[in-house]
Amino acid sequence: MQITLKDGSQMHYDGPVSVAQVAADISEGLARVALGAKVDGKVCETATVLDRDCALEILTFRDEEGKRIYRHTCSHILAQAVKSVYPTVKLAIGPAIDNGFYYDFDFKTPISAENLDKIEQEMKKIIKANYPLKRFVLPRRKAIELMRKYGEDYKIELIEDLPADAQISFYQQGDFVDLCAGPHLPCTGMIKAFKLTSLTGAYWRGNEKNKMLSRIYGTCFDKKSDLTEYLTALEEAKKRDHNKLGRELGIFMTDENIGQGLPLLMPKGAKLFQILSRWVEDEEERRGYLRTKTPYMAKSNLYKISGHWDHYKDGMFVMGDEEKDEEVFALRPMTCPFQYTIYNNGLKSYRDLPLRYGETSTLFRNESSGEMHGLIRVRQFTISEGHLICTPSQLEEEFKGCLELAQYCLKCFGLDGDVSYRFSKWDPQDTDKYINDPDKWEEAEATMRSILDHLRVPYTEAIGEAAFYGPKLDIQIKNVHGKEDTLITIQVDMFLAENFDMSYIDENGEKRRPYILHRTSMGCYERTIALLIEKFAGAFPVWMSPEQVRVLCLTDRTRAVSDEIACKLRGAGIRVEVDSRSETVGYKIRAAQLDKVPYMLIIGDKEVEEGVVSVRRRGEGDLGKMTLGDFLVKIADDIDSKRLD
C-alpha cells in the first residue's frame with residue numbers, strides 16, 4: 001500500500017495502518033501534535049485506518065481543519081460539563097467556528113454569565129480525566145431510541161431530518177454521548193488551553209419562530225500563551241465594538257418601539273452619513289455617473305419582471321395580498337429594476353454607452369431578527385448603488401473602473417488592508433435559487449473569471465454565493481469579533497437586460513442586448529460606519545469626523561472672540577462647536593478627548609490679546625500657538641490629503 005504525503009514523499013505498508021501510526025512513523029513530535037488528517041482531501045480522525053493507496057496530510061493546530069477538529073472536541077467537552085452541572089438541560093448543536101466554538105442549550109432554569117466559572121471548572125475535570133472519544137454508528141430507529149432514552153428532543157429532530165437509510169454517528173467520552181458527524185480528537189486530554197467567553201440567546205435553528213436557547217461561546221488553543229494573547233485582543237475588540245462604542249459616542253441608538261434592525265442615526269451619526277454620501281456622490285460624478293432618484297416601493301409587477309418576486313420574495317416587505325387586492329406593493333430590496341426602467345425611456349445607441357447610473361439608495365430587506373446586529377445587519381439601510389450599462393467590448397474596462405473606485409474608497413477609509421476578495425458563483429445543484437440558464441451562467445462566470453485574472457485580483461471562489469441573476473466579486477471584511485460580511489460588491493449580469501427588454505443599436509444598425517454591472521462604491525453606509533467606528537475606535541480621521549474642531553472658551557471675556565473664530569471656521573467649511581461652559585480648561589479638554597474631537601482651540605485672555613489660538617491635536621497633545629490662518633492651512637492639509645491618523 002502506497003501513501004503519498006503532502007510534500008510528495010511516499011511511505012509503503014504491507015497492510016492496513018492507522019493515521020496515528022503513520023504520524024508516529026514520520027516522527028514522534030508529529031505524532032504528539034497530530035489532531036486529524038486529510039485522506040484524499042477528506043478530513044478524518046487519527047484513528048482512521050488506511051487500507052488502500054491514498055494521499056495523506058497530517059493536520060495540526062497550524063491547519064484550519066486541525067483547529068476545527070480541536071475546537072469541535074472542546075464544544076463536546078462543554079456539553080458534557082453543562083450536562084454534568086445541569087442534568088435537566090437539553091442539548092441542541094455545538095459546532096466549531098472561526099475563533100472557537102459554541103453550544104446551544106435549553107436550560108430548565110435560565111443561567112447567567114456568572115455560572116460560566118462553574119462550567120469551566122467541570123470542563124477542566126473532564127480534560128484531566130483524558131476520556132477517549134469513541135465513535136459508533138446506529139441506524140435511524142436505534143439512534144432515535146438512544147436519544148429518547150437521554151431525553152434529547154433537539155437531537156431527535158435532527159435525526160428525523162436525515163434520510164431514512166442514513167447511518168447516524170455518535171461520540172462517547174466517559175458516560176457522555178452526543179450525536180455528531182465528527183471528526184474529533186482521540187481524547188479530551190489533548191485540550192491545552194480554553195476559556196468560555198460569553199453567554200447569549202439564539203433561536204433554535206436560527207428561526208425566530210422557534211424557542212430561544214442559551215448559547216455559550218468559548219475559545220481554545222494548543223498553547224496557553226496563544227490563549228492569553230487572544231483574550232487580550234478580545235478585550236480590545238469589546239472596547240472597539242461599534243454596537244457599544246457607537247451608542248456611547250451618540251452616533252446611533254435603537255428603540256424597541258421602533259423595532260429590530262431599524263437603527264436611529266443621532267446627530268453625529270447623521271452628520272457622518274451626510275459626509276460620506278456627499279463625498280461618494282461627488283466622486284462618482286467625477287467618474288461619469290449620472291444621478292437617479294427612484295421610489296422606495298413598486299407594484300409586484302416590476303419585481304416579477306426582474307425575478308425578485310420568484311427568487312427573493314421571502315426577503316422583501318410585501319404590502320397586500322395578491323389573492324384579495326387589485327394591486328400589491330413591496331418595498332424595494334434593490335434599485336436595479338427602477339434604473340433599468342429609466343434606461344428604457346428612449347432608444348439608445350452604442351454611442352450612448354456606457355451609461356453609469358448612481359443612486360444613494362435606501363433599501364429594505366426582511367432579515368431574520370436573530371441576524372440583527374447594531375449597524376452591521378439591519379432591515380432598512382442605504383447603499384452607494386450603481387448600474388453600468390455597456391456593450392460587451394466595454395465590460396472589462398467598466399468593471400476595472402468599478403474596482404478602482406471601490407479600492408479608492410477603501411484606501412480613503414483606511415480599510416484597504418483589511419479586505420479580501422471572493423468570486424461568488426452559482427450552484428448548479430440548487431437551481432431554484434437562480435435564473436436557471438446554465439449556458440448563460442457558464443458564459444457570465446467565464447467572462448468574470450477572465451476579467452479578474454486579467455486585473456490580477458487575488459480572489460477565492462465560493463459556490464452558491466452568487467446573486468440570483470449573476471456572479472459577483474464580493475469584497476469581504478471582518479468586524480472586530482472576526483465575523484465576516486460583504487462590504488462592497490461588483491456583479492456581472494447577463495440576464496436582466498433580456499427580462500426588461502433592454503437594448504441598444506450597434507454600429508451596424510442592429511438591436512443588441514447590453515451587458516450590465518451592478519456595483520456599490522463604498523457599500524452599505526450603515527455597515528461602513530460600523531466598521532469605521534471599530535477601525536478608529538470612534539476617533540475618526542479629521543476629514544470624516546462629525547466634529548472637527550472644538551473651541552474651548554475659557555472665560556466670559558473671550559466668548560465673543562470664540563464665537564467669531566467658530567464663525568470663520570464654519571465659513572471655511574470646518575465643522576466646529578464652541579464649549580463655553582463654566583468649567584475648568586482641564587475638564588473641557590477631557591470632555592473633548594472623550595468625544596474623540598480631532599482638534600481643540602483654546603481661547604483665553606492671552607490668546608485674545610496676542611491674536612492667536614492655542615492648538616491641541618488628538619493623540620499629539622499641545623501644538624503651541626498659531627494664527628487662525630496658519631491653523632486653517634494645517635487642517636485643510638489634513639482634510640485634502642485624507643490623513644488617517
Side-chain angles (χ1 to χ4, degrees), residues 157 161 201-212 254-264 292-345 357 359-373 375-383 385 387 426-427 430-437 464-470 486 489 491 493 495-502 516 518 524 526-527:
E157 183 178 329
D161 284 348
Y203 291 109
W204 168 235
R205 292 188 152 184
N207 188 333
E208 62 190 52
K209 296 179 181 178
N210 292 335
K211 186 172 184 179
M212 175 72 76
T254 53
D255 186 277
E256 62 180 14
N257 293 320
I258 293 173
Q260 280 188 303
L262 298 169
L264 298 158
T292 65
K293 182 66 176 173
T294 56
Y296 286 0
M297 67 176 74
K299 294 187 338 186
S300 59
N301 304 39
L302 184 72
Y303 304 117
K304 288 175 181 176
I305 295 171
S306 68
H308 288 93
W309 204 251
D310 290 334
H311 299 283
Y312 208 84
K313 184 180 177 183
D314 289 344
M316 297 167 63
F317 289 100
V318 177
M319 296 168 283
D321 186 332
E322 286 191 292
E323 294 182 2
K324 299 177 182 178
D325 301 323
E326 184 176 337
E327 291 184 333
V328 173
F329 286 80
L331 295 174
R332 64 183 185 185
M334 293 102 168
T335 308
C336 41
F338 299 86
Q339 291 191 334
Y340 299 164
T341 303
I342 290 174
Y343 176 87
N344 279 339
N345 183 31
Y357 292 130
E359 183 166 333
T360 303
S361 305
T362 298
L363 306 178
F364 306 85
R365 296 185 187 173
N366 192 11
E367 300 276 8
S368 166
S369 62
E371 296 294 320
M372 300 298 103
H373 177 64
L375 297 176
I376 291 283
R377 190 169 291 277
V378 292
R379 286 176 170 148
Q380 176 184 308
F381 57 95
T382 304
I383 65 173
E385 193 168 18
H387 298 90
W426 86 312
D427 183 355
D430 188 11
T431 55
D432 289 345
K433 287 174 58 178
Y434 308 97
I435 296 175
N436 188 12
D437 187 334
E465 293 295 334
F468 73 81
Y469 47 76
T486 300
T489 185
Q491 306 166 7
D493 176 5
F495 290 101
L496 296 191
E498 185 169 338
N499 288 16
F500 280 87
D501 194 25
M502 299 166 67
I516 303 171
H518 305 237
C524 167
E526 288 82 359
R527 184 171 293 177

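No hydrogens, no waters, no symmetry mates; every other heavy atom, side chains included, goes into these values. One-based numbering along the sequence shown.
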Practice problem: To the nearest 0.5 Å, tell me how far Phe338 CZ sits from Ser306 OG. | Solution: 9.0 Å

Practice problem: Please determine which of Leu375, Ile383, Thr486, Leu363 meets the side chain to side chain contact (heavy atoms under 4.5 Å, CB included) test together with Cys524. | Solution: Ile383

Self-check item: Plane angle bin for His518 and His387 - parallel if under 30°, tilted between 30 and 60°, otherwise perpendicular
Solution: perpendicular

Quiz item: Any side-chain heavy atom of Val318 within less than 4.5 Å of one from Trp309?
Solution: yes

Quiz item: Which residues pass the salt bridge (charged side-chain N to carboxylate O under 4.0 Å, His left out) test with Lys304, sequence neighbours left out?
Solution: Glu322

Self-check item: Student check: side-chain heavy atoms of Asn499 and Tyr340 closer than 4.5 Å
Solution: no

Quiz item: Under 3.5 Å, side chain of His373 to main-chain N/O of Val378, donor-acceptor pair present?
Solution: no

Quiz prompt | By salt bridge (charged side-chain N to carboxylate O under 4.0 Å, His left out) - contacts of Glu327 (at least two apart) | solution = Lys299

Self-check item: Test item: Tyr303 side-chain N/O and Ala330 main-chain N/O as donor-acceptor pair under 3.5 Å
Solution: yes

Self-check item: Contacts of type salt bridge (charged side-chain N to carboxylate O under 4.0 Å, His left out), residue Glu359, not counting sequence neighbours
Solution: Arg332

Quiz item: Would you say Phe500 and Leu302 make side-chain contact, with heavy atoms under 4.5 Å?
Solution: yes

Quiz item: From Phe381 CZ over to Leu262 CG, what is the distance, rounded to the nearest 0.5 angstrom?
Solution: 12.0 Å

Exercise. For side chain to side chain contact (heavy atoms under 4.5 Å, CB included), just list the numbers for Asn436 and Trp426, CA-CA rounded to whole Å, side-chain angles, deciding distance to a tenth of an Å, and then say yes or no.
Key: CA-CA 10 Å; Asn436 188 12; Trp426 86 312; 3.8 Å; yes

Quiz item: So how far is it from Ile516 CD1 to Tyr357 OH, rounded to the nearest 0.5 Å?
Solution: 11.0 Å

Quiz item: Considering residues at least two apart in sequence or located in another chain, which fulfil the side chain to side chain contact (heavy atoms under 4.5 Å, CB included) criterion with Asn257?
Solution: Asp255

Quiz prompt | With Thr431 via side chain to side chain donor-acceptor pair (under 3.5 Å) - residues at least two apart | solution = none

Quiz item: Rounded to the nearest 0.5 Å, how far apart are CZ of Phe468 and CG of Leu496?
Solution: 6.0 Å

Quiz prompt | For Asp501, side chain to side chain donor-acceptor pair (under 3.5 Å) partners two or more places apart | solution = Arg513

Self-check item: Under 3.5 Å donor-acceptor, Arg527 side chain and Ile376 backbone
Solution: yes

Quiz item: Does some side-chain heavy atom of Thr294 sit less than 4.5 Å from a side-chain heavy atom of Thr341?
Solution: no

Practice problem: For Lys211, check salt bridge (charged side-chain N to carboxylate O under 4.0 Å, His left out) against everything at least two apart and list the hits. | Solution: Asp106

Exercise. May I ask you to check whether Phe317 and Phe364 place their ring centres under 6.0 Å from each other?
Key: no

Quiz prompt | Shortest non-hydrogen separation from Met212 to Ala202 and the atoms involved | solution = SD-N, 3.0 Å

Quiz item: Which distance, rounded to the nearest 0.5 Å, do you find between the CE of Met334 and the CE of Met316?
Solution: 9.0 Å

Quiz item: Any idea which heavy atoms bring His308 and Cys336 closest together, and the distance?
Solution: CE1-SG, 3.9 Å

Quiz item: In chain order, what residues pass the side chain to side chain donor-acceptor pair (under 3.5 Å) check against Ser300, with sequence neighbours excluded?
Solution: none

Quiz item: What residues, two or more places apart in sequence or in another chain, satisfy side chain to side chain contact (heavy atoms under 4.5 Å, CB included) together with Asn345?
Solution: none

Exercise. Check side chain to side chain contact (heavy atoms under 4.5 Å, CB included) between Thr382 and all other residues, then give those that pass, not counting sequence neighbours.
Key: Phe273, Thr360, Thr362, Tyr525, Glu526

Quiz item: Who are the side chain to side chain contact (heavy atoms under 4.5 Å, CB included) partners of Met297, not counting sequence neighbours?
Solution: Met319, Phe329, Leu331

Exercise. Check side chain to side chain donor-acceptor pair (under 3.5 Å) between Lys313 and all other residues, then give those that pass, not counting sequence neighbours.
Key: none

Exercise. Examine distances only and state if a side-chain atom of Asn210 and a backbone atom of Arg205 form a donor-acceptor pair shorter than 3.5 Å.
Key: no

Quiz item: Does the Tyr434 side chain pair with the main chain of His311, one donor and one acceptor, at a distance under 3.5 Å?
Solution: no

Quiz item: For the residue pair Asp325 and Gly320, what are the closest heavy atoms and their distance?
Solution: OD2-CA, 3.2 Å

